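Beneath this line is the structure, given in structure tokens, with notes to follow.
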Amino acid sequence: QATPDDAELRRLLGVALLEGGDPVAAALELRKARELGAPETTTLPWLAASSTIMRWVGGVVAMSTKSSSSLASMVSTSVYILAPKASAAA
């Protein structure tokens with residue numbers, strides 16, 4: 001990380017992690033972006049989506065014995081449905 005204090009790079013990394021199916025790491029990066037001064041309008045929608053996905057996946061895991069590939073598919077689908085659209089978050 002050549003620029004660990006770049007708020008926009010942290011935000012973009014958080015979005016990429018969320019879209020890649022890792023809401024926990026995404027939330028960490030998005031929170032760091034906020035601490036570094038990224039605007040709420042570009043971080044809070046993504047943080048809300050990551051929190052919703054973590055709660056939803058936690059409930060599914062608690063109630064299900066589905067395979068990890070099925071769980072990964074559910075996470076990807078929920079990211080697509082819940083994450084802010086690029087035009088709305090830009």
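The shown structure was predicted, so the numbers you read here are calculated from the model rather than taken from an experiment. If you read the sequence from its start, that first residue is 1, and numbering goes on from there.
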- prompt: Do Lys32 and Pro4 have side chains that get closer than 4.5 Å, going by heavy atoms?
  reply: no

Backbone N/O of Leu47 and side chain of Ser50: donor-acceptor pair under 3.5 Å: yes

- prompt: How long is the gap from CG on Leu17 to CG on Leu30, to the nearest 0.5 Å?
  reply: 8.5 Å

statement: In terms of heavy-atom contacts, Gly21 and Pro23 come closest through O-CD, 3.2 Å

query: Salt-bridged, Arg34 to Glu40, with N to O below 4.0 Å?
result: yes

query: To the nearest 0.5 Å, how far apart are CD in Glu29 and CG in Leu18?
result: 12.0 Å

statement: Correct closest heavy-atom pair for Ala26 and Gly14 would be CB-O, 3.2 Å

- prompt: Does any non-hydrogen side-chain atom of Trp46 lie less than 4.5 Å from one of Glu19?
  reply: yes

- prompt: Are Leu36 and Leu12 connected, step by step, through hydrophobic side chains (Ile, Leu, Val, Met, Phe, Trp, Tyr) whose heavy atoms are closer than 4.5 Å?
  reply: no

field: Main-chain N/O of Ala38 paired with Arg11 side-chain donor or acceptor, under 3.5 Å
entry: no

field: Spatial distance of atom OG1 (Thr43) from atom CD (Glu35) [nearest 0.5 Å]
entry: 11.0 Å

field: Between CD on residue Glu8 and CG on residue Leu13, distance to nearest 0.5 Å
entry: 11.5 Å

